[in-house]
A.B. asks: 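Sharing a structure below in structure tokens format, with a few things to ask.
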Amino acid sequence: MFKKLFPALTAMMSIALLSIAYLAPAHAEDDVRIALVVKAMGIGFFEAANEGAQEAAEELGNVEIIYTGPTTTTAEGQIEVISSLIAQRVDAIAVSANDQDALVPILSRAQQRGIKVISWDSGVAPEGRSVHLSPSSDDLIGRMNVQLAADALEAKGVSSGQMAILSATPTSTNQNVWIEEMKKVLPEFPQLEFVDTVYGDDLADKSYREAVALMRNHPDLDVIVAPTTVGILAAAQAVSDEGRVGEVYVTGLGLPSELAGHVESGAMHNFAIWNPVDLGYAATTIAYNLVMDNATETSVDMGRMGTAQLDENGSAAMAEPFIYDATNVQDFADIF
Ligand code: RAM
């Protein structure tokens with residue numbers, strides 16, 4: 001009897017094993033899979049945010065982070081990436097958007113399929129996501145960038161001067177809001193004459209060329225304000241290469257690890273940024289709590305970063321930016 005049954009049993013067992021192997025997804029069954037979609041791969045700021053996301057994943061225990069994004073900062077590239085994440089049936093998508101409106105249709109589709117969607121850093125319009133996490137309040141960031149330009153004039157030792165903005169892409173939600181806020185407070189800084197805005201698309205080479213062009217088109221330019229980590233680094237390099245250190249100051253938002261040398265060379269006096277590791281950590285924790293149905297209309301927990309207080313649009317701000325100069329930039333250069 002057993003002899004007869006044995007081959008049949010082993011055949012059944014191997015079919016069962018094969019089908020288990022076939023059906024088993026690459027991730028553990030109960031893992032919460034959170035996709036961190038960035039503006040583009042290869043940007044230090046987002047890599048630091050990914051470190052924070054990994055930290056949150058470890059703390060939460062059953063989270064897998066999928067760190068992804070297009071090769072350049074386009075909405076089309078992000079739409080492709082998001083389509084593939086929908087096909088992979090991730091649990092949540094946390095995106096820093098290249099365009100606040102262009103991503104709405106694909107993210108609405110994700111939401112219809114039960115995927116939780118948040119934006120962080122650079123926002124998506126409310127129809128396309130449930131929560132948006134800004135690094136800090138927009139008006140504070142705008143005012144701070146103008147103040148940094150005024151600080152640069154002081155460092156240069158002039159009482160008034162020209163300032164230009166080198167931004168990321170023309171459709172970048174965060175930079176556009178910050179520039180709007182900068183323009184609102186400019187009248188309070190009569191020493192600053194605002195002369196131009198250009199776009200380096202968060203590409204190192206384009207940002208560099210735009211910075212060089214700014215200096216050529218405005219021979220009396222005193223300050224380049226770049227509210228982007230890619231732009232600020234490229235502009236500092238361009239000022240150095242053009243031999244304009246001490247004449248044109250660069251400031252804005254950047255990473256101590258990338259800029260310490262330029263502060264030392266004198267191409268920059270000071271600059272600001274919030275902690276990008278914390279931002280990735282907070283975004284991941286929010287996404288996780290949404291998946292777990294652990295949020296209310298007005299608040300959601302961000303782990304060690306406290307509680308995000310959501311306004312009527314589901315937006316929250318994380319913390320205040322910090323200012324770096326020759327006295328402290330080295331202390332942070334190893335962290336982000
Ligand atoms: C770049 C990106 C990002 C922005 C920072 C300051 O890394 O544009 O969205 O928040 O700069």
A.B. asks: Counting only N and O atoms by type, is there a donor-acceptor contact under 3.5 Å from the side chain of Ser119 to the main-chain atoms of Val124?
C.D. replies: yes
A.B. asks: If you define the side chain from C-beta out and look only at heavy atoms, does anything of Val37 sit under 4.5 Å from Gln78?
C.D. replies: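 The answer is yes; the side chains approach within 4.5 Å.
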A.B. asks: Under the side chain to side chain contact (heavy atoms under 4.5 Å, CB included) rule, what do Ile286 and Met305 come out as? Steps first, then yes or no, please.
C.D. replies: CA-CA 10 Å; Ile286 290 174; Met305 295 307 293; over 6 Å; no
A.B. asks: Checking side-chain polar atoms at under 3.5 Å, does Glu59 have a donor or acceptor matched by the opposite partner on Tyr281?
C.D. replies: yes
A.B. asks: Verify, without hydrogens or angle tests, whether Ser299 (side chain) and Ala308 (backbone) share a donor-acceptor contact under 3.5 angstrom.
C.D. replies: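 Flag not set: sc Ser299 to bb Ala308 has no pair under 3.5 Å.
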A.B. asks: So Ile224 and Tyr249, do their side chains get closer than 4.5 Å, heavy atoms only?
C.D. replies: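 No. Closest side-chain heavy atoms not under 4.5 Å.
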A.B. asks: Does Glu188 CD have over 12 foreign heavy atoms under 6.0 Å away?
C.D. replies: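 Enclosed.
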A.B. asks: Output, in order, the C-alpha distance, side-chain angles, deciding distance and verdict of side chain to side chain contact (heavy atoms under 4.5 Å, CB included) for Ile141 and Glu181.
C.D. replies: CA-CA 8 Å; Ile141 298 172; Glu181 294 296 335; over 6 Å; no
A.B. asks: Search all heavy atoms of Phe189 against all heavy atoms of Arg143 and return the closest pair with its distance.
C.D. replies: CE1-NH1, 4.4 Å
A.B. asks: Would you confirm whether Asp278, through its side chain, and Trp274, through its main-chain N or O, come within 3.5 Å as a donor-acceptor pair?
C.D. replies: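 Checking the backbone N and O of Trp274 against the side chain of Asp278, no donor-acceptor pair under 3.5 Å is found.
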A.B. asks: Between Trp120 and Ala94 (side chain of the first, backbone of the second, donor and acceptor by atom type, cut-off under 3.5 Å), is there such a pair?
C.D. replies: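 Flag set: sc Trp120 to bb Ala94 pair under 3.5 Å.
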A.B. asks: Considering only heavy atoms from C-beta outward, does the side chain of Leu186 approach that of Met163 to under 4.5 Å?
C.D. replies: yes
A.B. asks: Answer yes if the side chains of Asn62 and Asp31 hold a donor-acceptor pair under 3.5 Å, and no otherwise.
C.D. replies: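 Short answer, no.
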A.B. asks: So, Tyr288 and Asp91: side-chain donor and acceptor under 3.5 Å apart, yes or no?
C.D. replies: no
A.B. asks: Please lay out, stage by stage, how Val32 and Ile34 fare under the test side chain to side chain contact (heavy atoms under 4.5 Å, CB included).
C.D. replies: CA-CA 6 Å; Val32 173; Ile34 299 173; 4.0 Å; yes
A.B. asks: Run the side chain to side chain contact (heavy atoms under 4.5 Å, CB included) test on Leu310 and Glu297 for me, step by step, so that the C-alpha distance in whole Å, both residues' side-chain angles and the decisive distance to 0.1 Å come before the verdict.
C.D. replies: CA-CA 7 Å; Leu310 306 173; Glu297 289 276 295; over 6 Å; no
A.B. asks: Within the side chain of Ser134, is there an N or O that forms a donor-acceptor pair under 3.5 Å with the backbone of Ala317?
C.D. replies: no
A.B. asks: Are Lys156 and Asp222 close enough for a salt bridge, meaning some N to O gap below 4.0 Å?
C.D. replies: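 Between Asp222 and Lys156 there is a salt bridge, with a charged N closer than 4.0 Å to a carboxylate O.
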A.B. asks: I'd like to know if Val177 and Leu140 are part of one continuous hydrophobic network [Ile/Leu/Val/Met/Phe/Trp/Tyr, side-chain heavy atoms within less than 4.5 Å].
C.D. replies: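 Result: no, two separate clusters.
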A.B. asks: Hey, would you say the Phe45 and Phe336 ring centroids sit under 6.0 Å apart?
C.D. replies: no
A.B. asks: Give the cluster check for Val230 versus Leu259: same hydrophobic cluster or not, with ILVMFWY residues linked at side-chain heavy-atom distances below 4.5 Å.
C.D. replies: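 Shared cluster, yes.
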A.B. asks: Taking the side chain as every heavy atom from C-beta outward, state whether Gln162 and Phe194 have any atom pair closer than 4.5 Å.
C.D. replies: no
A.B. asks: Could you check whether any side-chain heavy atom of Val239 comes within less than 4.5 Å of a side-chain heavy atom of Val245, counting everything from C-beta outward?
C.D. replies: yes
A.B. asks: List the atom of Leu255, the atom of Pro276, and the distance in Å for their closest heavy-atom pair.
C.D. replies: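 Looks like CD2-CG, 4.0 Å.
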A.B. asks: Is there a continuous path of hydrophobic side-chain contacts, each under 4.5 Å between heavy atoms, that joins Tyr208 to Val250?
C.D. replies: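 Cluster IDs for Tyr208 and Val250 differ.
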A.B. asks: Pro227 and Gln175: which non-hydrogen atoms are nearest, and at how many Å?
C.D. replies: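 So the minimum-distance heavy-atom pair works out to O-NE2, 3.0 Å.
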A.B. asks: Enter the distance from Glu193:CD to Asp220:CG here, rounded to the nearest 0.5 Å.
C.D. replies: 9.0 Å
A.B. asks: If you count the non-hydrogen atoms of other residues, nucleotides and ligands that lie under 6.0 Å from CZ in Arg304, is the total more than 12?
C.D. replies: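 More than 12 within 6.0 Å, yes.
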A.B. asks: Rounded to the nearest 0.5 Å, what separation is found between the OG1 atom of Thr298 and the CD atom of Gln309?
C.D. replies: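 Nearest 0.5 Å value for the OG1-CD distance: 7.0 Å.
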A.B. asks: Quick one: does Asp121's side chain have a donor or acceptor within less than 3.5 Å of a partner on Ser96's backbone?
C.D. replies: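 No, Asp121 side chain to Ser96 backbone: no donor-acceptor pair under 3.5 Å.
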A.B. asks: Taking Val117's backbone N and O only, do any of them form a donor-acceptor pair with Ser130's side chain (distance below 3.5 Å, no angle check)?
C.D. replies: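 Yes, Ser130 side chain to Val117 backbone: donor-acceptor pair under 3.5 Å.
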A.B. asks: Could you grab the distance from atom OG1 of Thr74 to atom CD of Glu80, nearest 0.5 Å is fine?
C.D. replies: 8.0 Å
A.B. asks: Checking side-chain polar atoms at under 3.5 Å, does Glu180 have a donor or acceptor matched by the opposite partner on Asn176?
C.D. replies: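 On atom types as modelled, these side chains do not qualify, holding no pair under 3.5 Å.
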A.B. asks: Ser315 side chain to Asp311 main-chain N or O, any donor-acceptor pair under 3.5 Å?
C.D. replies: no
A.B. asks: OH of Tyr324 to CE of Met268: how many Å apart, nearest 0.5 Å?
C.D. replies: 12.0 Å
A.B. asks: Judged by modelled atom types alone, do Asp202 and Thr73 share a side-chain donor-acceptor pair under 3.5 Å?
C.D. replies: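 No.
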A.B. asks: Provide the closest heavy-atom pair for Ser83 versus Ile106 in the form atom of the first, atom of the second, distance.
C.D. replies: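 So the two residues come closest at OG-CD1, 3.4 Å.
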A.B. asks: Will you find, in the side chains of Asn289 and Lys116, an N or O donor that is under 3.5 Å from an N or O acceptor?
C.D. replies: no
A.B. asks: Do His269 and Asp325 meet the criterion of a side-chain donor-acceptor pair at a distance under 3.5 Å?
C.D. replies: no
A.B. asks: Does Val146 belong to the same Ile/Leu/Val/Met/Phe/Trp/Tyr cluster as Val223, with side-chain heavy atoms less than 4.5 Å apart forming each link?
C.D. replies: yes
A.B. asks: Salt-bridge test for Glu247 and Arg244: reply yes if a basic N is under 4.0 Å from a carboxylate O, no otherwise.
C.D. replies: yes
A.B. asks: Roughly how far, to the nearest 0.5 Å, is the CG atom of Asn294 from the OG1 atom of Thr285?
C.D. replies: 11.5 Å
A.B. asks: Tell me whether the rings of Phe322 and Phe332 are parallel (<30°), tilted (30 to 60°) or perpendicular (>60°).
C.D. replies: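 Ring orientation of Phe322 relative to Phe332: tilted.
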A.B. asks: Sub-3.5 Å donor-acceptor pair from the side chain of Asp201 to the main-chain atoms of Leu203, do we have one?
C.D. replies: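 No.
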A.B. asks: Establish whether Ile118 and Leu36 are linked, either directly or via other cluster members, by ILVMFWY side-chain heavy-atom contacts under 4.5 Å.
C.D. replies: yes
A.B. asks: Do Phe271 and Ile323 come close enough that some side-chain heavy atom pair is under 4.5 Å?
C.D. replies: no
A.B. asks: Are the side chains of Arg113 and Arg89 in touch, meaning some heavy atoms are under 4.5 Å apart?
C.D. replies: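 Arg113 vs Arg89: side chains apart.
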A.B. asks: Side-chain contact, heavy-atom cut-off 4.5 Å: Pro321 with Ile273?
C.D. replies: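 SC-SC contact between Pro321 and Ile273 ruled out.
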A.B. asks: Going through the checks in order, is the side chain to side chain donor-acceptor pair (under 3.5 Å) test met by His132 and Asn313?
C.D. replies: CA-CA 8 Å; His132 171 67; Asn313 293 317; over 6 Å; no
A.B. asks: Tell me the closest heavy-atom pair linking Leu166 and Tyr199, and the distance in Å.
C.D. replies: CD1-C, 4.4 Å
A.B. asks: Heavy atoms only: give me the nearest Gly254-Thr229 pair and the separation to one decimal.
C.D. replies: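 Looking at all heavy atoms of both residues, the closest pair is CA-CG2, 3.8 Å.
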A.B. asks: Kindly say whether Ala97 contributes a backbone atom to a donor-acceptor pair with the side chain of Ser122 at under 3.5 angstrom?
C.D. replies: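 Judged by distance alone, yes, a pair lies under 3.5 Å.
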A.B. asks: Mind checking the CD1-CZ spacing from Ile82 to Arg109? Nearest 0.5 Å is all I need.
C.D. replies: 10.5 Å
